[in-house]
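Residue numbers begin at 1 in each chain, while the letters A, B, ... track the order of the sequences.
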4 protein chains.
Amino acid sequence: MSAAHGDKLEVILDAAFRLFGSSGFYETKMSEIADEAGIAKGTLYLYFTSKEELFTAVTKRDFDRFLEQLGPKLEAAGFLEDKLQVIASHHLGYYYSVRDYTRLFFHTPNRDQKLMDTMYAFISAYTRMIAAMLEEHGVTDSWLHAKSFIGILDVFKMDILFNPAFSEQDLAQRTGFAVRLFRYGCKPDTAENREHTS
Amino acid sequence: MSAAHGDKLEVILDAAFRLFGSSGFYETKMSEIADEAGIAKGTLYLYFTSKEELFTAVTKRDFDRFLEQLGPKLEAAGFLEDKLQVIASHHLGYYYSVRDYTRLFFHTPNRDQKLMDTMYAFISAYTRMIAAMLEEHGVTDSWLHAKSFIGILDVFKMDILFNPAFSEQDLAQRTGFAVRLFRYGCKPDTAENREHTS
Amino acid sequence: MSAAHGDKLEVILDAAFRLFGSSGFYETKMSEIADEAGIAKGTLYLYFTSKEELFTAVTKRDFDRFLEQLGPKLEAAGFLEDKLQVIASHHLGYYYSVRDYTRLFFHTPNRDQKLMDTMYAFISAYTRMIAAMLEEHGVTDSWLHAKSFIGILDVFKMDILFNPAFSEQDLAQRTGFAVRLFRYGCKPDTAENREHTS
Amino acid sequence: MSAAHGDKLEVILDAAFRLFGSSGFYETKMSEIADEAGIAKGTLYLYFTSKEELFTAVTKRDFDRFLEQLGPKLEAAGFLEDKLQVIASHHLGYYYSVRDYTRLFFHTPNRDQKLMDTMYAFISAYTRMIAAMLEEHGVTDSWLHAKSFIGILDVFKMDILFNPAFSEQDLAQRTGFAVRLFRYGCKPDTAENREHTS
DNA sequence: TATGAATGAGGCTTCATTCAT
DNA sequence: TATGAATGAAGCCTCATTCAT
């Protein structure tokens with residue numbers, strides 16, 4: 001029925017997420033996805049008309065979950081720094097949880113407009129969410145600040161990807177670091193510096 | 001002969017840079033590169049044993065140039081903020097200059113260890129260079145700070161890629177913004193904020 | 001039940017006729033036929049064991065109708081030329097009426113013996129009917145003459161197919177022409193000709 | 001070189017002619033053609049961009065040869081009946097010579113405009129050639145007469161296809177019959193007939 | 001009888017790479 | 001060194017047919 005249909009669709013998306021995530025778009029084969037999902041190749045095409053469409057669906061579901069889970073957490077926090085902490089923790093925590101599938105975010109098909117639209121919509125929504133929060137707290141240039149915060153976090157996402165030894169402790173440390181840097185800037189502690197800024 | 005060989009090698013790398021850069025690894029064909037370089041397909045294999053190796057060579061040359069040009073500029077600057085300014089300006093300026101070939105940095109082959117090594121070597125060298133500079137100026141956690149600065153800059157690199165209207169003015173503005181944020185953090189201006197941090 | 005069965009069978013044959021006729025055997029999909037007939041794909045296989053068998057049934061029904069309708073008309077005519085006129089008119093008129101479905105007669109599956117038998121049976125029965133009539137009227141070589149007459153008519157059938165502007169007037173003209181040519185041959189009107197035949 | 005290229009192209013066309021001719025378009029596989037030609041599958045695509053294009057090339061070459069060979073023969077003949085005899089003999093003789101490959105003319109891909117154009121160009125050129133000759137000999141309605149003659153011949157082409165026992169004697173007999181019928185019409189020999197036409 | 005989700009064999013085509021010249 | 005015709009493995013996708021409901 002409808003439920004069964006939904007179930008199989010989830011099964012496919014899960015399988016595709018794992019494979020696209022670990023091998024990227026081009027090196028994941030539709031036949032592999034079918035095998036991973038435990039269904040026949042042809043069945044994939046009952047749910048998605050092409051490999052690109054499946055990839056886009058996987059990506060979109062991932063993005064949607066990311067934002068859906070962030071929203072409530074953000075509202076629960078009060079002060080600016082708490083909110084930044086929530087965002088950093090969610091961002092890094094999320095990608096830590098799917099760290100084996102990070103290639104999903106690096107190897108995407110070219111020239112697929114729907115995918116580009118989906119990615120653009122995500123980054124816009126995410127940036128908008130952060131910018132709105134910053135604005136409420138009186139931060140100017142909220143859009144640029146929001147992007148920058150994301151940039152800081154994304155760099156640590158790279159750490160997660162490329163460093164197999166990355167631990168939950170590292171995670172917590174990076175989270176705190178990112179928030180402090182964003183909030184107060186770096187803190188050089190030399191005479192030269194004081195001299196220069198005076 | 002040797003000179004001629006070097007010339008042709010440059011011609012190939014230039015052609016490959018343009019095509020990999022605009023179409024990505026998987027959607028660029030060896031035959032297209034040969035055409036673009038004005039040579040025969042087979043000739044490519046006299047210089048590179050595989051498509052992956054050619055891609056890696058293109059990437060490496062690009063990275064090397066980036067760092068080679070940054071070094072002298074950085075030494076010429078004196079104060080911390082000047083150096084940050086130099087880095088930001090170089091980083092964004094460089095990617096602005098090759099903004100039509102940005103796919104080079106997004107669509108790369110998977111599972112190719114040599115390429116991974118090359119990329120890792122670059123990001124390490126770049127981070128090390130910035131971290132060393134920060135350390136000289138008394139910044140603690142220099143490695144994390146260096147990465148974060150790169151992260152902020154990379155986010156604006158995305159702007160350059162996805163926004164065709166991105167101008168040189170935007171470039172200058174982003175540069176200044178990145179340096180100020182990194183140095184002093186964001187500046188909320190509300191009572192709530194003061195209250196919280198007191 | 002039996003009536004209902006017959007009804008649904010007719011519905012399927014009608015749908016299949018339209019689609020096979022306009023797209024040919026290979027480019028018509030069983031799913032399209034099911035859609036066109038307003039039934040499920042699986043249901044087709046309750047009535048026909050294969051696509052080939054369905055095609056053969058469609059073809060056979062078309063052939064049978066053609067001959068069934070011709071019989072009475074032919075008996076009603078008296079003189080040789082009247083009968084030829086009836087045949088030509090029926091032949092061209094019939095294909096004019098189904099001119100949108102002519103691919104039924106051009107794109108047929110290969111290597112299907114039952115279909116070949118069906119087609120052979122039709123062309124034999126048609127030829128036999130005409131040949132018998134010709135014989136009654138004292139025409140020698142009746143079998144060859146019958147085939148030739150069919151050949152002349154079939155060429156004009158091609159006109160109907162390939163010329164979208166083919167009109168009912170054209171139809172009437174071709175009919176008369178075919179009968180006259182068959183009956184009296186072409187009529188060159190030059191001295192050379194007379195000389196040669198003398 | 002050029003000669004070698006031309007040779008291989010001929011080899012491919014020959015192989016494709018045999019297979020398309022005996023199995024039709026849809027049931028001939030590109031891999032079979034490659035095998036038959038003794039080359040690799042991929043090589044086919046150095047010469048033709050698609051299966052449809054190859055089929056069209058095969059068809060066109062066949063048509064061109066048919067007309068090229070007919071031209072000189074036709075000019076060599078003098079009187080009307082001699083010319084008709086030449087045409088009939090060429091038409092039936094040609095298809096007799098390739099009788100094993102007749103499916104080339106029955107199973108063609110749908111909706112391929114270039115192929116349709118090629119076929120239309122052939123039938124037009126052939127009809128025009130016969131019509132021009134008829135006109136020179138004072139035959140009116142030359143276009144319709146030309147088509148009709150082709151129709152009579154084509155019907156016998158069917159005999160050649162469907163009757164494996166068709167012999168060269170049958171061929172000669174059909175040739176003479178077609179010419180006489182076209183020239184003088186059928187010859188009923190009964191009182192009824194005379195009565196009617198008087 | 002009727003359904004339609006699922007199957008999986010098989011086709012066309014691409015393209016990195018080779019090798020005889 | 002340079003060429004480019006030839007190769008053939010491999011992938012995406014189609015669609016006739018089946019079968020559990």
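Partners of B:Phe66 under the ring pair (Phe, Tyr, Trp, His ring centres under 6.0 Å) rule, at least two apart in sequence or in another chain, are B:His90, B:His91, B:Tyr94, B:Tyr95, B:Phe122, B:Tyr126. With sequence neighbours excluded, no residue forms a salt bridge (charged side-chain N to carboxylate O under 4.0 Å, His left out) with D:Glu52. Remark: C:Thr56 engages C:Asp112, C:Leu115, C:Thr118 in a side-chain contact (heavy atoms from CB on, under 4.5 Å) (not counting sequence neighbours). Annotation: side-chain hydrogen bond (donor to acceptor under 3.5 Å, both in side chains) contacts of D:Arg61 (sequence neighbours excluded): D:Glu10, D:Asp14. Residues satisfying the salt bridge (charged side-chain N to carboxylate O under 4.0 Å, His left out) criterion with C:Asp64, sequence neighbours excluded, are C:Lys60. Applying the side-chain contact (heavy atoms from CB on, under 4.5 Å) criterion to D:Ser31, with sequence neighbours excluded, gives D:Lys29, D:Lys41. Applying the side-chain contact (heavy atoms from CB on, under 4.5 Å) criterion to C:Met158, with sequence neighbours excluded, gives C:Phe106, C:Phe162.
Between C:Ile33 atom CD1 and E:dG4 atom P there is a gap of 17 Å when expressed in whole angstrom units. Rounded to an integer number of Å, the gap from D:Tyr26 OH to F:dA16 P is 12 Å. Protein atom OH of B:Tyr45 is 13 Å distant from nucleotide atom C1' of F:dG4, rounded to whole Å. C:Glu27 places its CD atom 14 Å from the P atom of F:dT14, with the value rounded to the nearest Å. Rounded to whole Å, atom P of F:dC15 lies 15 Å from atom CD of C:Glu52. Residue A:Asp35 contributes atom CG, which lies 12 Å from atom P of F:dC12 at whole-angstrom precision. To the nearest angstrom, P of E:dA2 lies 13 Å from CZ of C:Phe48. With rounding to whole Å, A:Leu9 atom CG is found 14 Å from E:dA5 atom C1'.
For B:Lys51, taking side-chain heavy atoms from C-beta onward, the closest of the listed nucleotides F:dT18, E:dT13, E:dA16 is E:dA16. Across F:dA2, F:dC12, E:dT14, the shortest atom-to-atom separation from the side chain of A:Met30 is found for F:dC12. Residue B:Ser50 places its side chain closer to E:dT17 than to any other of E:dT13, E:dT17, F:dC13.
Using a 4.0 Å heavy-atom distance criterion, A:Thr49 is classed as making no nucleic acid contact.
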Do any N or O atoms of the protein come closer than 3.5 Å to N or O atoms of nucleotides 7-10 of chain F, and which pairs are they?
unit_1, atom_1, unit_2, atom_2, d
F:dT7, OP2, D:Ala40, N, 2.9
F:dT7, OP2, D:Thr43, OG1, 2.4
F:dG8, N7, D:Gly42, N, 3.3
F:dA10, N6, D:Lys41, NZ, 3.0

Q: Let me have DNA chain F in dot-bracket notation, would you? Count Watson-Crick plus G-U wobble pairs, both distances under 3.5 Å, and use [ ] for pairs crossing earlier ones and | for inter-strand partners.
A: .||||||||||||||||||||
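Ring-plane geometry between A:Tyr26 and B:Tyr26 is classed as parallel, the angle between the planes falling under 30 degrees on a 0 to 90 degree scale with a further cut at 60.
Both cation-pi conditions hold for D:Lys51 and D:Phe25: the charged atom is under 6.0 angstrom from the six-membered ring centre and inside a 45 degree cone around its axis.
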